[in-house]
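Read through the structure below, which is laid out as structure tokens, and then see the notes.
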Amino acid sequence: TALPIYGTEIGASIVLSNATPQVTFGSLVAQDVLPDDFRREIAGIDYSSPATKINVALDRLPSFEAHPQPGPHLGCTIHIGCENMASLHAAYLDAECGRSSSVPLVEMTIPSVYDPWLAPPGRHVASLFVQYTPYAPRGSGWTSETKNELADRVFDLIDRYAPGFTASVVGFEVLTPPDLEAIFGLTGGNIFHGAMSLDQLFFARPTSSYANYRCPVKGLYLCGSGAHPGGGVMGAPGRNAALVAADDIGRATGKRS
């Protein structure tokens with residue numbers, strides 16, 4: 001197997017792809033080596049994604065009304081806007097109608113609490129995982145204006161729980177689903193390399209015909225979140241794929257562990 005890496009072709013007998021199934025089998029692999037039914041299965045994967053990422057630079061730590069002083073809670077994942085199922089459902093329906101949630105679900109982490117090298121002394125960075133946002137909003141789509149409107153809405157929501165948050169923002173970056181797709185190669189902007197729905201899990205991930213990390217191309221394995229058990233920043237797909245590849249190497253050389 002040979003893949004072009006930054007303009008240089010590197011040959012290898014074993015290749016593990018951490019790209020999405022669509023990028024791996026739709027862009028990196030020649031289509032004439034893939035069976036028609038396999039290509040149809042890959043093309044049928046749902047990559048719908050309702051999430052936008054907002055990276056924020058802060059001049060101080062947030063101070064939450066429920067716990068104003070700095071403490072271990074700032075090192076946890078903090079969920080905002082999810083007090084009840086009704087609000088979550090309303091947020092989802094907004095996106096179904098082609099608009100960002102009026103009251104979004106925000107998942108906040110502050111990684112600089114653990115790694116001070118991420119920001120200057122006394123400053124911090126926050127990562128905001130925002131739902132629900134459509135891939136292509138109705139009307140003008142994603143523009144600088146609509147991105148800023150979303151950021152303002154998110155910051156205003158956080159202000160309800162941590163007064164002064166907006167005033168502490170010194171800079172931010174909004175990465176919508178199309179941005180995540182363009183920058184990181186995440187098909188559809190889906191951070192899980194495919195929807196984590198029941199029809200795309202377990203023995204159906206990425207397809208029902210190849211759910212064991214292998215594919216029709218000998219020596220090529222899928223090791224990213226598009227393989228079982230899916231996304232979640234746990235490394236399980238990579239470990240499993242490595243074990244399968246190692247087992248195949250052992251079979252071929254007669255040196256199985």
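All heavy atoms count here, side chains included; hydrogens, waters and symmetry mates do not.
- Using a 4.5 Å heavy-atom cutoff, the side chains of Y221 and I14 are in contact.
- By the 4.0 Å N-to-carboxylate-O rule, R251 lies close enough to D247 to be salt-bridged with it.
- Linking Ile, Leu, Val, Met, Phe, Trp and Tyr whenever their side-chain heavy atoms come within less than 4.5 Å puts L74 and V56 in one cluster.
- I45 and M196 end up in different hydrophobic clusters when Ile, Leu, Val, Met, Phe, Trp and Tyr side chains are linked at under 4.5 Å.
- The other residues sharing a hydrophobic cluster with L118 are V125, where clustering joins ILVMFWY side chains under 4.5 Å apart.
- A chain of hydrophobic side-chain contacts below 4.5 Å, direct or via other Ile, Leu, Val, Met, Phe, Trp or Tyr residues, connects V103 to I158.
- The hydrophobic cluster analysis finds Y135 isolated: no Ile, Leu, Val, Met, Phe, Trp or Tyr side chain comes under 4.5 Å of it, directly or through other members.
- Salt bridge annotation for R123-D59: absent, with no cationic side-chain nitrogen under 4.0 angstrom from a carboxylate oxygen.
- Sorted by first and then second residue, the ring pair (Phe, Tyr, Trp, His ring centres under 6.0 Å) pairs with a member in residues 181-207 read F202-H228; sequence neighbours excluded.
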Using the side-chain hydrogen bond (donor to acceptor under 3.5 Å, both in side chains) rule, take S209 and E41 through it: C-alpha gap first, then chi angles, then the decisive distance, then the call. CA-CA 9 Å; S209 61; E41 284 188 292; 2.5 Å; yes

Could you please spell out the steps behind the ring-ring contact (aromatic ring centres under 6.0 Å, His included) verdict for Y92 and Y132? CA-CA 6 Å; Y92 173 79; Y132 298 87; 5.7 Å; yes

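- D248 has a carboxylate O that lies under 4.0 Å from a charged side-chain N of R214, or vice versa, which qualifies the two as a salt bridge.
- Panel note: side chain N190, backbone S48; a donor-acceptor pair is recorded below 3.5 Å.
- Of the listed residues (Q131, H79, K53), just one forms a side-chain hydrogen bond (donor to acceptor under 3.5 Å, both in side chains) with E107, and that residue is H79.
- Note that OG of S101 is 8.0 Å distant from CZ of R153, once rounded to the nearest 0.5 Å.
- With hydrogens and angles disregarded, a donor-acceptor distance shorter than 3.5 Å links the side chain of D159 to the backbone of T166.
- Qualifying salt bridge (charged side-chain N to carboxylate O under 4.0 Å, His left out) partners for K147, counting only residues two or more places apart in sequence or in other chains: D179.
- The salt bridge (charged side-chain N to carboxylate O under 4.0 Å, His left out) check on D36 picks up R39, with sequence neighbours excluded.
- Pairs engaging residues 147-178 under the ring pair (Phe, Tyr, Trp, His ring centres under 6.0 Å) rule: F155-F165, F155-F172 [sequence neighbours left out].
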